[in-house]
Every structure is written in C-alpha cells, then in structure tokens.
Amino acid sequence: MALTGAGISAESGVPTFRGGGGSAVWKGMPFEVISSSEMAASNLAEVWDWFDYRRGVLKSCSPNPAHYALARIEKESGDFLLVTQNVDGLHKRAGSENVIEIHGNINRARCIACNRKIEIPFDVIPHDPSFCDVCGSDLRPDIVLFGETLDEGAFEMASKAAEHCDLFLVVGTSALVYPAASLPQIARRHGAYIVEINPEKTPLTEIADKTIRRPAGEALPLLLGL
Ligand code: BJW
Ligand code: ZN
C-alpha cells in the first residue's frame with residue numbers, strides 16, 4: 001500500500017502546505033487557521049474563497065509520472081491500496097481506482113445539516129450551488145479540516161490494510177499530520193517493509209527501511225524500471 005501527501009502533486013504544480021521552508025498562507029492567515037473547523041463555523045464564505053482559489057489553481061494541473069506509476073502498480077499487483085491525504089483528485093485522474101481520500105476531495109461539497117454530498121464540476125469557479133437542494137442549508141467543502149475527525153470507516157479500512165501489507169510506500173508527505181502519519185507506523189509494527197520517497201528528511205525517516213531522496217516523479221518510475 002502507499003500513503004501519499006502534497007509532495008506527490010508538487011511536480012504537477014500544486015503547492016504543498018509546508019514545503020519550501022514555510023507554511024502556506026492565505027490573506028495573511030496560516031493554513032492551519034483558514035483550514036480549521038473554527039473558521040468553517042465562523043466564516044464559511046472565507047473558507048470557500050480559499051478553496052475556490054485552490055480549485056482555480058488545480059484547473060490547469062494534470063497528474064505527473066508519480067501518479068501514473070502508482071496507478072500502474074495497482075494494475076500490475078492487483079492487491080494495492082492507495083491512501084492519500086491529498087484533496088486534489090489527481091490519483092483518480094491518473095487511473096488509480098482503489099483509493100481512499102482520507103482528507104476529502106476539493107471538488108465535492110457537503111451539506112452542514114443533512115450531510116448530503118454533491119460533486120462540484122472542477123471548472124465551475126466559484127463553486128455552485130451554495131445551498132443544499134434537499135434542506136436549504138449551507139454547503140461546505142467536503143474536506144477534513146484541522147480539529148475535525150476523519151471518516152471513521154475510511155480510516156479503519158486504511159489502518160486494517162496497514163496491519164496486513166508487506167510493503168508500504170510513503171510518498172511526499174511531511175508526516176506531521178495525524179492520524180495519517182500513524183499508518184506507516186502501524187505497518188512497521190506489523191512487519192511491513194517501509195520505503196520513504198521524499199527529497200527531505202521527515203519524522204518517519206527513522207522507521208523507514210529504505211529512503212529515496214528524490215522527487216516522486218523521478219523515483220517512482222525508476223522503481224518500476226520505467
Ligand atoms: C516532495 C516533493 C516531490 C516536496 N516529491 N516529495 C497526534 C499528535 C499531535 C496532533 C494530533 C494528533 N492527532 C490529531 C492531532 C491534531 C491534528 C494534527 O495532526 N495536528 C498536527 C499538525 C500537530 N489532526 C487533526 O486535527 C485531524 N483530525 C483528527 O485527528 O481527528 C481525530 C481522529 C483520530 C483518528 C481517527 C479519526 C479521527 C484532521 C487533520 C486534517 C488535516 N487536514 C489538512 C488540511 C485539509 C484542508 C486543506 O486542504 O486546506 O490536510 S492539514 C494539511 O496537512 C492537509 C494535508 O493533507 C496534510 C498533510 O500534509 P502533507 O500532505 O504531508 O504535505 P506537506 O506540505 O506538509 O509536506 C509536503 C512534503 O512533500 C514535504 O515533506 C516535502 O519535502 C515533500 N516534497 N516536493 C516527493 N517532488
Ligand atoms: Zn441538506
């Protein structure tokens with residue numbers, strides 16, 4: 001199985017959160033503030049502006065060789081789970097099917113009252129509609145913000161897979177955000193071989209059996225002999 005983070009989409013032109021020596025900032029607010037449950041409760045319009053801005057950036061981004069390599073591993077192995085923290089949808093666009101998007105998807109909204117989910121076309125910016133057509137309440141991005149809980153079923157499925165996998169690829173994540181960063185640790189405790197692909201050191205480096213200090217778009221195709 002694999003766990004991916006923002007770094008795998010960096011070569012597609014999607015900014016990371018903590019890469020480049022600093023933290024992403026929107027209108028002077030660090031993303032931990034704007035991407036938080038508190039901000040969604042107090043100023044949902046601002047949160048939507050931030051996500052619509054990012055949806056705009058994504059409109060011109062495409063999957064890169066790292067996304068395609070993981071899709072190929074799934075096709076060739078037949079038993080491969082991809083867990084991504086990314087909300088950009090690039091893994092599915094590259095052809096990966098067995099994917100758990102544990103932090104949600106930027107092109108989906110969810111009703112704050114009845115929880116109904118709707119897809120937002122990627123090219124409709126700003127997002128539309130803004131209200132639930134069943135109960136009339138506000139729609140919010142279907143994203144797991146700081147201070148919110150992950151979908152329990154999805155995380156449970158990911159952690160069960162981590163207990164049973166033989167090989168765990170950790171690609172392009174700073175491994176600072178929990179519970180996602182616990183998945184490679186679970187896999188390690190259950191005997192999996194851990195490979196980290198990241199140009200930088202992370203807290204997971206010390207539990208990795210093998211570290212590949214290269215950009216994912218180079219390292220993953222090389223691993224497949226491409
Ligand atoms: C390249 C590259 C290239 C560059 N190739 N690599 C335990 C301890 C401490 C705190 C907590 C804890 N448990 C929970 C918490 C609180 C909190 C948390 O983790 N805080 C820490 C930051 C301190 N967690 C939560 O609030 C979570 N909820 C929760 O825990 O609920 C309870 C629960 C538990 C168990 C089951 C169920 C429920 C929710 C966290 C949700 C985080 N959401 C965000 C924002 C989403 C909204 C948005 O998109 O704005 O998700 S945070 C942000 O970080 C985003 C990312 O998915 C996430 C991870 O970042 P990622 O992907 O690692 O990116 P970067 O930028 O950090 O790193 C990029 C890496 O790429 C770098 O290493 C580069 O070197 C590398 N790179 N170019 C390969 N070409
Ligand atoms: Zn509703």
If you count heavy atoms of other groups shown closer than 6.0 angstrom to [atom1] of [X], is the number above 12?
X: Lys117; atom1: NZ; result: yes
X: Met157; atom1: CE; result: no
X: Arg214; atom1: CZ; result: no
X: Phe146; atom1: CZ; result: yes
X: Asn43; atom1: CG; result: yes
X: Tyr193; atom1: OH; result: yes

According to a hydrophobic-cluster definition based on side-chain heavy atoms being under 4.5 Å apart (Ile, Leu, Val, Met, Phe, Trp, Tyr only), do [X] and [Y] belong together?
X: Ile212; Y: Leu222; result: no
X: Trp50; Y: Val33; result: yes
X: Val99; Y: Leu169; result: yes

Are side-chain heavy atoms of [X] and [Y] found at a separation under 4.5 Å?
X: Asn86; Y: His103; answer: no
X: Phe80; Y: Leu70; answer: yes
X: Leu58; Y: Val14; answer: yes
X: Val195; Y: Phe168; answer: no
X: Cys132; Y: Cys114; answer: yes
X: Leu204; Y: Gln185; answer: yes
X: Glu74; Y: Glu97; answer: yes
X: Thr173; Y: Thr202; answer: no

Polar side-chain atom of [X] near backbone of [Y] as donor-acceptor pair, under 3.5 Å:
X: Asn64; Y: Ile8; value: yes
X: Glu218; Y: Pro215; value: no
X: Trp48; Y: Leu139; value: yes
X: Arg213; Y: Glu200; value: yes

Any chance you could measure [X], atom [atom1], to [Y], atom [atom2], to the nearest 0.5 Å?
X: Thr84; Y: Leu90; atom1: OG1; atom2: CG; result: 9.0 Å
X: Ser159; Y: His190; atom1: OG; atom2: NE2; result: 9.5 Å
X: Arg140; Y: Cys111; atom1: CZ; atom2: SG; result: 11.0 Å
X: Asn107; Y: Glu119; atom1: CG; atom2: CD; result: 8.0 Å
X: Glu156; Y: Leu150; atom1: CD; atom2: CG; result: 12.5 Å
X: Ile125; Y: Asp52; atom1: CD1; atom2: CG; result: 6.5 Å

Distance only, no hydrogens: is a donor on one side chain within 3.5 Å (strictly under) of an acceptor on the other, for His67 and Ser62?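 Note: His67 and Ser62 side chains miss the donor-acceptor criterion.
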Residues two or more places apart in sequence or in another chain: which of them pass side chain to side chain contact (heavy atoms under 4.5 Å, CB included) with Glu38?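 If we apply the side chain to side chain contact (heavy atoms under 4.5 Å, CB included) test to Glu38, skipping adjacent residues, the hits are Ser36.
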Output all residues satisfying side-chain hydrogen bond (donor to acceptor under 3.5 Å, both in side chains) with Lys27, sequence neighbours left out; order by chain, then residue number.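 Per chain and number, Lys27 pairs via side-chain hydrogen bond (donor to acceptor under 3.5 Å, both in side chains) with Glu46.
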Heavy-atom pair of closest approach, residues [X] and [Y]:
X: Asn105; Y: Gly89; value: ND2-CA, 4.0 Å
X: Ser137; Y: Ile112; value: CB-CG1, 4.3 Å
X: Ala180; Y: Phe155; value: N-CE1, 4.4 Å
X: Ala208; Y: Glu196; value: CB-CB, 4.1 Å

For Arg108, what residues pass the salt bridge (Lys or Arg N to Asp or Glu O under 4.0 Å) criterion, not counting sequence neighbours?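 Testing Arg108 for salt bridge (Lys or Arg N to Asp or Glu O under 4.0 Å), a comparison that skips the adjacent residues, returns Asp142.
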Using salt bridge (Lys or Arg N to Asp or Glu O under 4.0 Å), reason through Arg54 and Asp88 one step at a time and then give a plain yes or no. CA-CA 9 Å; Arg54 285 164 55 193; Asp88 56 30; over 6 Å; no
